[in-house]
Structures are given as structure tokens and as C-alpha cells.
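Below you'll find the structure, written out as C-alpha cells, and then a few comments.
Along the sequence shown, the residues carry numbers beginning at 1. Just so we're clear, the structure is a prediction, and the values are computed from it rather than from any experiment.
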Amino acid sequence: RKGEVLGVAGIEGNGQSELVECITGLRTDYEGTVKMESGGRLVDVSHEPLRRRRELGMSHVPEDRNGRGLILPFTAAQNSILGDHHRPPYAGPAGLLDEEAIREHAKKLIEEYDVRPRNAAIPASNYSGGNAQKLIVARELERHPSVLVLAQPTRGVDIGAIEFIHQQIVDARDSGLPVLLVSADLNEVLSLSDRIVVMFEGRIMGEVSQAEATPELLGLMMAGCDLATARERAHEGHAATTPA
């Protein structure tokens, strides 16, 4: 929904990666429907490729930043336009890249998102994990998307970058953007999400609000309990540890 973070919790390997691939268009061999709002209307993108979904306003921070988020030998400037490199203002009618527009865009991102070193000409492989991730987050947010999908957004990054990225997610939500956050870090899901769904063996075990969500309740669902059973067991556990 607009203006909220929907968190997807679960132990890694329970279908979260496949879910993100289906939603973003990286995978097309699935049953079901994917719809997104674009230009004030609901669009069925179930059979549309990733590029078309991006054109309609979907941004994606992938879980594998080196494999899918960046092209490591390319410069920071080149990486700052990936996915939109074929569109104005970065490319003209003949498809030729506008190097000056690309450099100016990259310099703006690097400054605003504190990507270090602040040199748009260096290869992406020169960046630390945190700065590489900030460059990806900057690229995906500055597209002014209609929906933002983040998968493991702070995996393998330093504490300073984690705080920065978390703030960007909160700011995006507060600006009215719908955000889907998929993370194996339960604390991250709990601290950022307005609603939380839990996956186990490819299935959604239930949905809880941020107010109801606790590590105990989500942990039971992550272990395979449906929502009703998890609530009952969590309540029993709380009662057993409460002094008379």
C-alpha cells in the first residue's frame, strides 16, 4: 500500500528470492497475477519483462548486488543509469549515450547519498559493500518509482551504511511510496515494517501488524506454525513466564 513498508520475513531459502523474482520480472514461469499502479491506474504486469516493469515505475534493489545490482568493471557513472540507460536524458533518439548527462547524474547521486570515494569515474568494483549498496539504492530511488522492492538491502554492509539505507527506506515510505522489504534479518523487518508477512516453504503463513509483531510470534511462523497456532503458543509462552 502507499505510504507503508510491507515486510517479508522468513528463514532464507523459503521462497523469498523466488517471490521477488516473480514480482520484479526476473522470473516469468509462475502462476498467478502481479499488478502494480502506474500513472494512476492498475496495470497487470504478470507477463511483462523486467524492463517493462521498470518503465511502469518499479524499482528493485536486488539481494545480489554484484551479480544483479552492478556491472563491476563499469564506472560508477555507468552503473548509476543501469536499467534506464536506453532512455532520455541518458540516451538520444539514435540510442547514443550522452556522457555529460550521465556524469552529472552520477555526481548528484554520489553527493546526495554520500557514496565514497566521490569519483564517478572509478569502477564499481572499487567500492566497499556499503558504498556499492548506497549507489544501487540511490539509483533506484532517484528514478521516482511508483513501487520499491528491496531484497536483503543491508546484507554485508557496515553499520553506518545500514543506518543510512534504513533512513532512506523510512523517507521513501513517508513520501507515500509503497515499499516491499524482503529480509532475513528479523530485527530489520521488525524495525522498518508497518505490516509483516511470514514465509515458510514457499507459503505465506500469515500477516500481522507492526504493533502485534514480536520475535516470538514471527519465529513460530518462520518455523511453520500458521498465524492462529503461533498466536496461541506465543500467548501460552508469555503466560508461563509472567510472575503471579
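- The main-chain N or O of N79 is found under 3.5 Å from a side-chain atom of R139 such that the two form a donor-acceptor pair.
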Quiz item: Given the rule in the side-chain contact (heavy atoms from CB on, under 4.5 Å) test, do V43 and E48 qualify, once you have shown the distances and angles that lead to the verdict?
Solution: CA-CA 10 Å; V43 182; E48 299 288 355; over 6 Å; no

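- Atoms OG and CD1, on S191 and I169 in that order, are 8.5 Å from each other to the nearest 0.5 Å.
- Under the 4.5 Å side-chain contact rule for hydrophobic residues, L6 and L150 do not share a cluster.
- Between the T75 side chain and the I122 main chain, no donor and acceptor come within less than 3.5 Å of each other.
- Using a 4.5 Å heavy-atom cutoff, the side chains of Q210 and L192 are not in contact.
- A distance-only check finds a donor-acceptor pair linking the side chain of N131 to the backbone of R116 [under 3.5 Å].
- Between E163 and H166 the shortest side-chain heavy-atom distance does not fall below 4.5 Å.
- Without hydrogens or angle criteria, Q16 side chain to I11 main chain gives a donor-acceptor distance under 3.5 Å.
- With contacts defined as side-chain heavy-atom distances shorter than 4.5 Å, the pair L135/Y113 does not qualify.
- The cluster map of Ile, Leu, Val, Met, Phe, Trp and Tyr, joined by side-chain heavy atoms under 4.5 Å apart, puts I102 and L141 in different clusters.
- There is no side-chain donor-acceptor pair under 3.5 Å between Q133 and T154.
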Quiz item: Are Y90 and H105 close enough, and set up right, to give a side-chain contact (heavy atoms from CB on, under 4.5 Å), and what steps lead you there?
Solution: CA-CA 9 Å; Y90 316 119; H105 172 73; 3.2 Å; yes

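- A salt bridge links R155 with E12: at least one charged nitrogen is closer than 4.0 Å to a carboxylate oxygen.
- Nearest approach of G25 to T28, heavy atoms of both residues: O-CG2, 4.2 Å.
- For the pair L180 and I23, the tightest heavy-atom approach, listed with the atom from each and the gap, is CD2-CD1, 3.6 Å.
- Ion pair R195/E212 not flagged as a salt bridge, since none of the NZ, NE, NH1 or NH2 atoms sits closer than 4.0 Å to an Asp/Glu carboxylate oxygen.
- Electrostatic pairing of R173 and D171 does not count as a salt bridge here, judged by no charged N lying under 4.0 Å from a carboxylate O.
- Using a cutoff of 4.0 Å between basic side-chain nitrogens and carboxylate oxygens, R233 and E216 are not scored as salt-bridged.
- Side-chain N or O atoms of Q152 include one that pairs as donor or acceptor with a backbone N or O of A184 at under 3.5 Å.
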Quiz item: Would V115 and E111 count as a side-chain contact (heavy atoms from CB on, under 4.5 Å) if you check the C-alpha gap in whole Å, the side-chain angles of each, and the deciding distance to 0.1 Å?
Solution: CA-CA 7 Å; V115 181; E111 285 293 326; over 6 Å; no

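- Atoms OG1 and CZ, from T24 and R68 in turn, are 7.5 Å apart once rounded to the nearest 0.5 Å.
- Inter-residue side-chain proximity for D44 and S46 is flagged as met; some heavy-atom pair is nearer than 4.5 Å.
- Of all heavy-atom pairs spanning A106 and A77, the tightest one is CB-CA, 3.5 Å.
- When hydrophobic clusters are built by joining Ile, Leu, Val, Met, Phe, Trp and Tyr residues whose side-chain heavy atoms come closer than 4.5 Å, directly or via intermediates, V170 is not grouped with V189.
- The CD1 atom of I81 sits 5.5 Å away from atom CG of L97, with the distance rounded to the nearest 0.5 Å.
- Among residues two or more places apart in sequence or in another chain, the side-chain hydrogen bond (donor to acceptor under 3.5 Å, both in side chains) test is passed with R87 by D84.
- Surrounding CZ of F164 are more than 12 heavy atoms belonging to other residues, nucleotides or ligands, all under 6.0 Å away.
- If you chain together hydrophobic residues whose side chains sit under 4.5 Å apart, V5 and V137 fall into the same group.
- With respect to K108 and E142, a salt bridge is recorded, a charged nitrogen being found less than 4.0 Å from a carboxylate O.
- The line from CD of E104 to CG of L109 is 11.5 Å long, rounded to the nearest 0.5 Å.
- The distance from atom CG of L220 to atom OG1 of T229, rounded to the nearest 0.5 Å, is 9.5 Å.
- Judged purely by atom type and a 3.5 angstrom limit, R53 has no side-chain atom pairing as donor or acceptor with the backbone of M36.
- At least one side-chain heavy atom of R65 sits less than 4.5 Å from a side-chain heavy atom of V157.
- Judged purely by distance below 3.5 Å, without hydrogens or angles, the side chains of D185 and S183 never pair a donor atom with an acceptor atom.
- A salt bridge links R54 to E140: at least one charged side-chain nitrogen sits closer than 4.0 Å to a carboxylate oxygen.
- To the nearest 0.5 Å, atom CD of residue E21 and atom CG of residue L50 are 11.0 Å apart.
- In terms of modelled atom types and a separation under 3.5 Å, the side chain of S146 and the main chain of E37 share a donor-acceptor contact.
- H144 is not listed as a side-chain neighbour of S59, based on a closest heavy-atom distance of 4.5 Å or more.
- Side-chain N or O atoms of K134 include none that pairs as donor or acceptor with a backbone N or O of I165 at under 3.5 Å.
- The shortest side-chain heavy-atom distance between L217 and R231 falls under the 4.5 Å cut-off.
- Considering every non-hydrogen atom in both Y127 and I110, the closest pair reads OH-CD1, 4.1 Å.
- With a 4.5 Å cut-off on side-chain heavy atoms, V197 and V208 do not count as touching.
- V179 and V20 sit in two unconnected hydrophobic clusters of ILVMFWY residues. Membership requires side-chain heavy atoms under 4.5 Å apart, directly or through other members.
- Formation of a donor-acceptor pair under 3.5 Å by the S193 side chain with backbone atoms of L190 is not found in this model.
- The shortest heavy-atom contact between N14 and M199 is O-CE, 3.7 Å.
- Considering all non-hydrogen atoms of both residues, I71 and A124 come closest at O-CB, 4.1 Å.
- Using a distance-only test at 3.5 Å, with no hydrogens or angles considered, no donor-acceptor pair links the side chain of D226 to the main chain of M205.
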Quiz prompt | Candidate pair E55 and R143, rule salt bridge (charged side-chain N to carboxylate O under 4.0 Å, His left out), full reasoning | solution = CA-CA 10 Å; E55 289 172 349; R143 301 177 65 246; over 6 Å; no

Exercise. Run the numbers on K2 and L177 for side-chain contact (heavy atoms from CB on, under 4.5 Å), then give the verdict.
Key: CA-CA 5 Å; K2 289 184 176 180; L177 189 66; over 6 Å; no

